A.B. asks: 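Take this structure first; my questions come after.
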Amino acid sequence: MSKVVTRFAPSPTGTLHIGGVRTALFNYIYAKQNNGEFLVRIEDTDRERSTKAYEKNILDTLSSIGLSPDKKPINQSERNDIYIKAAEQIIASGDAYWCDCSEEDLEKMRNQQMADGKKPMYDGRSRRLGLERSSKTVLRLATPEDGEIVVNDMIRGEIRFNNAELDDLILLRSDGTPTYHLCNVVDDFEQGVTTVIRGEDHISNTPRQIHIQNALGYPALEYAHLPLVLGPDKKRLSKRHAATSLEEYKDMGYLDSAILNSLARLGWSGGDKEVFYIDDLIKDFDIKDVQKAGAIFDITKLDWLNAQHLSHLSLESFIEHIKPFAKKINIDINDHQNAHLLIASMRTSENTLFDIAKALRPYFMDVSDYDEKAIERFLSNGTKNLEDICDLLETIDEWNEEQIDLLLKEYQTNNNLKVPEVNQPIRIALTGSTKSPSLGLTLTFFDKKEAVSRIRKLKSFLS
RNA sequence: GUCCCGUUCGUCUAGAGGCCUAGGACACCGGGUUUUCAUCCCGGCAACAGGGGUUCGACUCCCCUACGGGAUGCCA
């Protein structure tokens, strides 16, 4: 068997969609596990909607997440001659004809068919007219009128289509430009593609494309039609439901590996295992095991997976990853004298890098907002403890966790207080909330002077 | 309308006729660990769309219905 070649063929009419990332991912995995090649083709034949900016976004984000193509991507807009040549070949073989039906005629025809309860499709009225090419004619493929096409789908098995259900699709528009189906088929052949892995919205395009392949004498391809990524209302995931661009997820602080993991698990599973890195996927993934039904994208699973992937990072690597997110909110990790310990104790506080960076704020900048509920709960009976402890803290010579803990414990027992009564007010003073690493440690994330000053600040804020 | 694809816990899924008292994970709820929070650990809740067949036996096979999605473009 020849070398497996897969391809991802986006049209640059928007930023890279996570559904597209999943399609690209499955293509990539399938190619890699067969020692084949993964290719990218930009389907920019729609001049109205395609832009270079979107094309750049798609290519850049694709490679940024690790799904780089094995060859330089090609653009359909630059390959017109090749398609025209193919169209001429079909004309020469007698499998295509010129048709001059106007849009109005076609519209009328479709409405009538609908009214009759039939499938709206071109009825082939120009097929035997022997029309010559003109500025008003489109080139149509003469599809066989009987027989059937059997698509053997790696995920769904055999899918049968009666040729009678298929109409004569347009190969060349009246302005002479080739349509999607022609370009798609020609390029798959020209690029040596062996396996087409794409969304299930293309299932009904498949028999049409097979007819073009047949007319051109191309070899048959392998197909796998992936179930769609859905929103909570079971419609294709769109901006209405959630963020759809890959870059938005990256910006929120989801790790590439976690995004890929969650996308792979959407429609596929590998036993009881949940955490997969790309190498695991190349080893364990099997396209035949992909689910047939559409899958609803649930961000809470991504959150959890992100936390898992984050926890597998070494501290050094974690710090490198969080730096750009900290920078976005004007935090320079290097500004803290005990950054490593601080981050080590904060890294599980949230699920995304950006949220963790935000949780780091009180350790890098002044606290001006205090959690009202926390104040109500722990400071409504006055600030005596706060003041006492503040005074005591000032007397500490060695500002370290053990000394501080000792002092706090002593104060708590001497005054017969519960731990939270002692600790929470101080937490509020230091961070604005009742959440922080263990208090002795939290205090060491500030120097003595700063800690004392924050406690005083809260005291005056309350009076 | 017509054609095509689908339908297991709220969500992602396991399940290839007896292993199913339908398993796992997320979410949620409870408990433990943690001087708080998070992490972590333990436990709980929760599903085979409906109806007919086939079979000794059906989540698994067949048919019908319902529901959902996709396609029906001189878009891709």
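All chains are named by letter (A, B, ...) in the order of the sequence lines, taking the proteins before the strands, and each is independently numbered beginning at 1. None of these values were measured; they are calculated from a predicted model.
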A.B. asks: Write down the distance separating the P atoms in B:C64 and B:U2, rounded off to the nearest Å.
C.D. replies: 14 Å
A.B. asks: So what's B:A49 paired with, Watson-Crick or G-U wobble, going by both distances under 3.5 Å?
C.D. replies: B:U65
A.B. asks: Which part of the nucleic acid does A:Asn423 contact within heavy-atom distance under 4.0 Å: base, sugar-phosphate only, or nothing?
C.D. replies: base
A.B. asks: How would you label the contact of A:Arg347 with the nucleic acid (heavy atoms, under 4.0 Å): base, sugar-phosphate, or nothing?
C.D. replies: nothing
A.B. asks: Suppose we define a pair by two distances each less than 3.5 Å, Watson-Crick or G-U wobble; what does B:C28 pair with here?
C.D. replies: B:G44
A.B. asks: Extract, from 5' to 3' on RNA chain B, the first and final nucleotides lying under 4.0 angstrom from some heavy atom of chain A.
C.D. replies: B:G1 to B:A76
A.B. asks: So which one's nearest nucleotide on RNA chain B is more toward 5', A:Thr434 or A:Ser11?
C.D. replies: A:Thr434
A.B. asks: Quick one: label A:Lys235 by what it contacts on the DNA or RNA (base, sugar-phosphate, nothing), any heavy atom closer than 4.0 Å.
C.D. replies: sugar-phosphate
A.B. asks: Please give the distance between the P atoms of B:C62 and B:C26 as a whole number of Å.
C.D. replies: 34 Å
A.B. asks: Go through the side-chain N and O atoms of A:Tyr83 and A:Asp187 and say whether any donor and acceptor fall under 3.5 Å apart.
C.D. replies: yes
A.B. asks: Taking the same atom, P, in B:A27 and in B:C74, what whole-Å distance lies between them?
C.D. replies: 48 Å
A.B. asks: List for me each residue that meets ring-ring contact (aromatic ring centres under 6.0 Å, His included) alongside A:Phe38, sequence neighbours excluded, and say none if there are none.
C.D. replies: A:Tyr28
A.B. asks: Tell me what A:Leu230 touches on the nucleic acid: a base, only sugar-phosphate, or nothing, going by heavy atoms under 4.0 Å.
C.D. replies: nothing
A.B. asks: Please list all pairs meeting salt bridge (charged side-chain N to carboxylate O under 4.0 Å, His left out) that have one or both residues in residues 409-438 of chain A, counting only residues at least two apart or in different chains.
C.D. replies: none
A.B. asks: Under the ring-ring contact (aromatic ring centres under 6.0 Å, His included) rule, what pairs show up with a residue in residues 286-307 of chain A, not counting sequence neighbours?
C.D. replies: A:Tyr249-A:Phe297
A.B. asks: With heavy-atom distances below 4.5 Å as the criterion, would you say the side chains of A:Phe325 and A:Asp355 are in contact?
C.D. replies: no
A.B. asks: So A:Asn205, base contact, sugar-phosphate only, or nothing? Heavy-atom distance under 4.0 Å.
C.D. replies: base
A.B. asks: Taking atom CG of A:Asp116 as the centre, does the number of heavy atoms from other residues, nucleotides or ligands within less than 6.0 Å exceed 12?
C.D. replies: yes
A.B. asks: Categorize A:Arg265 for me: base, sugar-phosphate, or nothing, with a 4.0 angstrom heavy-atom threshold over every strand shown.
C.D. replies: base
A.B. asks: Could you measure between the two P atoms, the one in B:C40 and the one in B:G1, and give it in whole Å?
C.D. replies: 49 Å
A.B. asks: Scan A:Gln424 against the nucleic acid and name what it touches under 4.0 Å (heavy atoms): base, sugar-phosphate only, or nothing.
C.D. replies: sugar-phosphate
A.B. asks: Which part of the nucleic acid, if any, lies within contact of A:Lys301, taking any heavy atom under 4.0 Å across all strands shown: a base, the sugar-phosphate backbone alone, or nothing?
C.D. replies: base
A.B. asks: A:Asp256: which residues meet the side-chain contact (heavy atoms from CB on, under 4.5 Å) condition with it, sequence neighbours left out?
C.D. replies: A:Ile65, A:Lys250
A.B. asks: By the 4.0 Å heavy-atom rule, please label A:Cys99 as base, sugar-phosphate, or nothing.
C.D. replies: nothing
A.B. asks: How about CG on A:Asn414, more than 12 heavy atoms from neighbouring residues, nucleotides or ligands closer than 6.0 Å, or not?
C.D. replies: yes
A.B. asks: If B:U2 has a Watson-Crick or G-U wobble mate with both distances under 3.5 Å, name it; if not, just say none.
C.D. replies: B:A71
A.B. asks: Using the C1' atoms only, state how far B:G57 lies from B:C19, rounded to an integer number of Å.
C.D. replies: 14 Å
A.B. asks: Heavy atoms under 4.0 Å, any strand shown: does A:Ser438 hit a base, just sugar-phosphate, or nothing?
C.D. replies: base
A.B. asks: When you compare B:C42 with B:A25, how far apart are their P atoms, in angstrom units rounded to a whole number?
C.D. replies: 9 Å
A.B. asks: Using heavy atoms to find the nearest nucleotide of RNA chain B for A:Leu302 and A:Asn162 separately, return the residue whose nucleotide is more 5′.
C.D. replies: A:Asn162
A.B. asks: What pairs with A:His336 under ring-ring contact (aromatic ring centres under 6.0 Å, His included), at least two apart in sequence or on another chain?
C.D. replies: A:Phe364
A.B. asks: Determine the Euclidean distance between corresponding P atoms of B:C28 and B:A22; express it in Å to zero decimal places.
C.D. replies: 26 Å
A.B. asks: Suppose you measure atom P in B:G52 against the same atom in B:C59; what distance do you get, rounded to whole Å?
C.D. replies: 14 Å
A.B. asks: Describe the nucleic acid contact of A:Ser174 in one word from base, sugar-phosphate, nothing, applying a heavy-atom distance below 4.0 Å.
C.D. replies: base
A.B. asks: Regarding A:His225, tell me which of base, sugar-phosphate or nothing describes its non-hydrogen contacts under 4.0 Å with the strands shown.
C.D. replies: nothing
A.B. asks: NA contact type, A:Pro10, heavy-atom cut-off 4.0 Å: base, sugar-phosphate, or nothing?
C.D. replies: nothing
A.B. asks: With heavy atoms under 4.0 Å as the rule, sort A:Lys234 into base, sugar-phosphate or nothing.
C.D. replies: sugar-phosphate
